[in-house]
Amino acid sequence: MPFNPDQIPSRFDFQAAQSRLYQNWLKQGYFHAEPDPQREPFTIVIPPPNVTGALHLGHALNNTLQDIMIRMKRMQGFNALWMPGTDHAGIATQAVVEKRLREEEGKTRHDLGREALVERIWDWKQQYEKRILGQLQQLGCSCDWDRTRFTLDENCATAVRFTFHDLFDKQLIYRGKRLVNWDTFLQTAVSDDEVVSRTVQGHFWHFRYPVIDPLPGEPEYVQVATTRPETMLGDTGVAVHPDPEGALLKFTAELEDKIAKANPADVETLKTELDATKSRVSAMLPKLLQLKAMADDGRTIRLPLMDREIPLVTDSWAKPELGSGCVKITPAHDPNDYEVAKRCELPMINIMNTDGTLNAEAGTYQNLTMKQARKQVVADLEQLGLLDETEDRQIELPHSDRSKTPIEPFLADQWFIRMDSLAQSAMDAVSDHRVRITPSRYEKGYLDWLAEKRDWPVSRQLWWGHQIPVWSLPCPTEQDCETARQTVLALDGYDESEVSIQTEPCHETDESKRTQLGLPLATIHVCIKQEGSPLEDQLVAAGFQREEDVLDTWFSSALWPHSTLGWPRPTPELNTFYPTNVLITSRDIITLWVARMVLAGLNNMGEVPFHRVFIHPKILDGYGETMSKSKGNGIDPLDVIDKLGADALRFGMADLTTETQDVRMPVQFECPHCEHSFDQTKKNRELGRVDCPKCKQPFSTQWSKTEEDLSLPRGLVLSERFERARNFINKLWNASRFAMMNLEGYQATTITPEQLTVEDRWILSRLTTVSQNVSQSLEQFRYADATRELYEFAWNEFCSFYVEMLKDRFADEQQRPHAQRMMAFTLDCLLRLLHPITPFITEEIWLLLANLCPERGFDTVQKATDSIMVADWPELNPAWQDNEIEQQFSLFQSTLAALREIRSRQNLAPKKQIRFSIRCHSELTDLIKPMGLFFSSMAAADLEEISDQVTPPKINATVALPNMEIFVDLAGLIDVAAESKRLEKEQARLLGMIAGKEKQLANEKFVNNAKPEVVAQAQASLAQIREQLKTVAEALSDLETLK
RNA sequence: GGGCGGUUAGCUCAGCUGGCUAGAGCGCCACGUUGACAUCGUGGAGGUCGUUGGUUCAAGUCCAAUACCGCCCACCA
């Protein structure tokens, strides 16, 4: 069947096109990259999405930006590889599966056991990995799917084992007792990064601890206060400041300083506060000094309920200005107390089991949960008359980001990575710009974070993840240690490079205490490099026990850029594609992920993992809040794809990606019943269902949870901010459609310069500039600049002018062939420039175009590639850039605008042909004359005369442009009132400008100091404006005669 | 408490190294549909560029202070 351009629908049917085109790209293998010594590689590794969830708007943004980059590079001839994959996301994934297990089967992970649970999670992973990768494909991502990896797959496992062994061998990994953030719900330690602070309503309890054998005149009690009374069961001391007086002076001085700097409005309250503190404190001071002296004497306190004798110690942690000035010390359950205990050598008593219940150390409170214990402790203390006071108070409480439950600090065995040298190496890489972060302001956060060089706790009490490859044996005596070491060395197949041994001495250094507690002298840890090595079983047989914990997810993520390419095997891929070129990610994981990739890459590969890092903005909702599942305020990118198309989503995303700031995106619901669209508010988003304000019917959204809600028709969640992109796609489609309707009989030949008309030369000049700017913008991650450049060029120049001007030329048999060739060529270039951003529509048009003009070109004519994906990136001849032509054109454009304006303000019917003349200098005449016909076609205005001698018609409307005057003959048409109103306004504007310019030029300093060209410019423009004013004044006085 | 962003039209945002009359999209007003596009066309209204000071011949742009909004980090028993 012959191709019939008239049959092309006036809307781009993206629904049908997207999957058809994408499947073809897959089939052709366009996404696949093989190592090739002939071509320069360009590599991006994807930030692997979690297998937990579905694609959200952040993913859509992140992956759109990567795809734009990789598609451009591919077209530029690079051997472009976009490495895809997913992350096992330890805690997140296990938590989801456990939750389902509990809800659907009423079972815990312990009912299932390790192996069975892990198997379940793998099932989950298979399902969700498929889903999220499918969604990336809907977005158009050109990843090399043949290489898809998973952070828990075999190769990643090997990479993890090798890395762990290497660090272990370098003594950069150790086990130690640490206070960790314990999530009692998930029963795991979570890193500091996974802890968020939340304000909750709580109480502040004041207790009294009796002093043992107080001397006469000494206080009988010390008062302490806490928001967590149950922790008192683990108290091992009470601290008071070593120099209360000095500390108080310092505190009041600071407060006074603050008052001096404060707003007048706040001074009063601050002063009151100061006075109150001063009087309170001066009353307390004697007692504090007394307590300090008692502490120095080694006096002790009786811990109520536990009946334990605990010391009174001095430590500057106890702030005299706060509360009673005394603070209870619970080393095993509070980070600050832990530090105090280390300084003051206090014992550490862990009172909690891993499930959040109390252990034997809590005496009679054993088996209560922390929460129950709290109530009980308070009640018991009250009964003993030791509860002084209870305040209501807002408390900042750390919560687990995963389970949203309060964190219980907890003393536990954990594995750590020593960050010292590793962190330094990662800092150096950014400081000396081997890795460049864009925008550069994010370098500071990266460097500051690493500079703390805090050891990285890497063990997680989970089952889903890379199990730590360490086998341990506690050894009660030195002899046992030696035997254990000999056992390891004597293992069948022992190899120094495969096996590494560490001895961890007991943390309790006091010999008698150690034996009393039944602790071993040391623990021997053995790390084995190869997974499944026969050595593993031998170790177990020798009594060694494998470490139960798995590694922090970020451990495997840190290896992503090289593990995905095959490391530790020496693959051609690794050779070719490492280091990668660009990493595109969001700012919240600069430290968690980016920094760790850099140090891991340096450690394992001896080279940075990527040269450039681009941090993209965050998308917020209309209220400036982050979009999140729990708030239910997100936009579903799939809804956008569904309703507006993937190209619109992508174009919109790129259009929002400016360097300076995060993006606000008001959210709208679209009612599935009546298609009414209305804003998402804080109120209507709360519920799992939404009621349409227009038709009053309820519908569900992507956030609905309950069965009942889900059974309702599903409404779309969109944002009007994508409409600009949607409209643009439509414009592009229709311009292309118009082109194709006029390309019948197209004959491919080269184009020669002498065939070019003014508008041809103009569009070529603009096209050249635009292509340069687009390349440059994208190279610098200025995505919004690139989309804006293309938007404006395509719409305001190509469609509004060039296409309009081609209309007449298509109609003329003589000009038609050349016009067709120009149209085909220009459109071809524009499509290629747009392809990385809007891949689907550009490919669809590209394929349709091939039916009419399979061969296109300018200097040379070539057969177009089968797909735009593999076409060359436009590199246009810079010689086409022509300033003069562009100026000539803008003169034409302003003339046209002036004519249209007259038409509009005189209310002339669109079809009503008018006549006009132009008075200007002869050099301008030559520029305008060739454009004469276009005034007729584009403004229904015929140019009667153009010269420096034009006499205005008797009755006319005038526009005074710089250096030229336009007169429209309005005999019998004029609306005098409208005309004089307009002219008066114009006159006022010109007078204002003249005044400004005159003032500037009268300023000697300006004339003397400003650059000469700036001064000359000002003078010229003043002269011009005066000319314009003259014209306007004349026109006004002419109008007077008509009144 | 420390750090970083933002504050420009009713809304969402551009505005690079300071220099002609501060821009865009949406929204608003007026007019317009026998063939590319009403997801459109033409024209218009709408801004003391958060505030105060400073540098400069010249400040939305540079500097300082300040207010408000947001984010990150560290945090009070």
Side-chain angles (χ1 to χ4, degrees), chain A residues 6 8 10-12 192 197 204 224-228 231 239 263 317-319 322-324 326-330 334-337 395-396 398 439 441-442 444-445 448-449 452 587-588 590-591 617-618 620 622 624-626 644 648 655-656 658-666 719-721 723-742 782 784-785 788 791-792 799-800 803 807 897 900-905 907-911 938-939 962 989-990 992-993 996-997 1000 1003-1011 1013-1015 1017-1018 1020-1022 1024-1025:
Chain A
D6 292 331
I8 301 172
S10 68
R11 299 278 155 83
F12 171 44
D192 290 346
S197 193
F204 196 48
V224 294
T226 181
T227 54
R228 297 189 303 152
T231 61
N263 263 3
W317 166 240
K319 306 273 182 289
L322 289 172
S324 66
C326 293
V327 58
K328 63 193 263 314
I329 304 297
T330 319
D334 183 282
N336 294 304
D337 293 4
I395 305 165
E396 288 291 314
R441 71 185 114 99
Y442 291 112
K444 188 173 161 49
D448 288 352
W449 185 81
E452 290 184 28
R587 93 172 95 80
D588 35 350
I590 294 174
T591 52
K618 202 168 176 170
L620 311 170
E625 296 179 9
T626 40
L644 308 171
D655 201 36
L656 297 173
T658 59
E659 207 176 83
T660 45
Q661 62 182 326
D662 291 343
V663 174
R664 264 182 206 227
M665 182 168 280
S719 175
E720 64 196 7
R721 297 205 62 189
E723 277 169 24
R724 169 178 151 94
R726 187 267 315 261
N727 295 351
F728 176 70
I729 301 287
N730 179 257
K731 189 73 181 176
L732 179 68
W733 178 258
N734 278 290
S736 308
R737 177 167 167 252
F738 171 77
M740 289 187 273
M741 291 164 91
N742 286 284
R782 299 161 65 112
D785 284 358
R788 267 156 223 194
Y791 180 97
E792 275 161 27
C799 291
S800 295
V803 170
K807 282 179 177 172
R900 285 170 168 170
E901 194 203 324
I902 291 172
R903 296 196 65 105
S904 173
R905 74 174 193 254
N907 229 340
L908 301 175
K911 294 274 148 54
M938 296 176 77
R989 190 180 70 94
L990 292 172
M993 281 171 59
K997 286 269 176 268
Q1000 189 180 32
N1003 185 342
E1004 270 179 48
K1005 288 182 182 168
F1006 169 69
V1007 178
N1008 295 334
N1009 293 332
K1011 279 178 273 178
E1013 62 266 31
V1014 173
V1015 178
Q1017 176 69 52
S1021 119
L1022 176 61
Q1024 231 172 52
I1025 299 164

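Naming: A, B, ... by sequence-line order, numbering from 1 per chain.
- Distance check on atom C1': C71(B) versus G25(B) gives 27 Å, rounded to whole Å.
- Phosphate contact (OP1/OP2 of G70(B), side-chain N/O of K618(A), threshold under 4.0 Å): absent.
- Taking atom P on both G5(B) and U48(B), the two are 28 Å apart, rounded to the nearest angstrom.
- Between I590(A) atom CD1 and G3(B) atom P the separation is 18 Å, expressed in whole Å.
- Comparing the C1' positions of G50(B) and U8(B) gives an interatomic distance of 10 Å, to the nearest angstrom.
- Between A14(B) and T658(A), a contact under 4.0 Å exists linking OP1 or OP2 to a side-chain N or O.
- At whole-Å resolution of the value, NZ in K731(A) and P in A36(B) are 11 Å apart.
- On the P atoms, G6(B) is 13 Å away from U17(B), given to the nearest whole Å.
- Regarding contacts with the backbone of C40(B), every side-chain N or O of N730(A) stays at 4.0 angstrom or more from both OP1 and OP2.
- Rounded to whole Å, the P atom of A59(B) lies 12 Å from the corresponding atom of C49(B).
- Nucleotide A36(B) holds its C1' atom 15 Å from the CG atom of N727(A), rounded to whole Å.
- Between W733(A) atom CH2 and U39(B) atom C1' there is a gap of 14 Å when expressed in whole angstrom units.
- Here C71(B) presents its C1' atom at 6 Å from CZ of R587(A), a figure rounded to the nearest Å.
- A distance of about 33 Å separates the P atoms of C20(B) and A67(B), rounded to the whole Å.
- Distances from the side chain of N336(A) to the nucleotides U21(B), C76(B), U42(B) place C76(B) closest.
- Between E452(A) atom CD and G3(B) atom C1' there is a gap of 12 Å when expressed in whole angstrom units.
- Between the P atoms of C37(B) and G46(B), the separation comes to 34 Å (whole Å).
- Below the 3.5 angstrom threshold, one finds a donor paired with an acceptor across the side chain of R11(A) and the base of U39(B).
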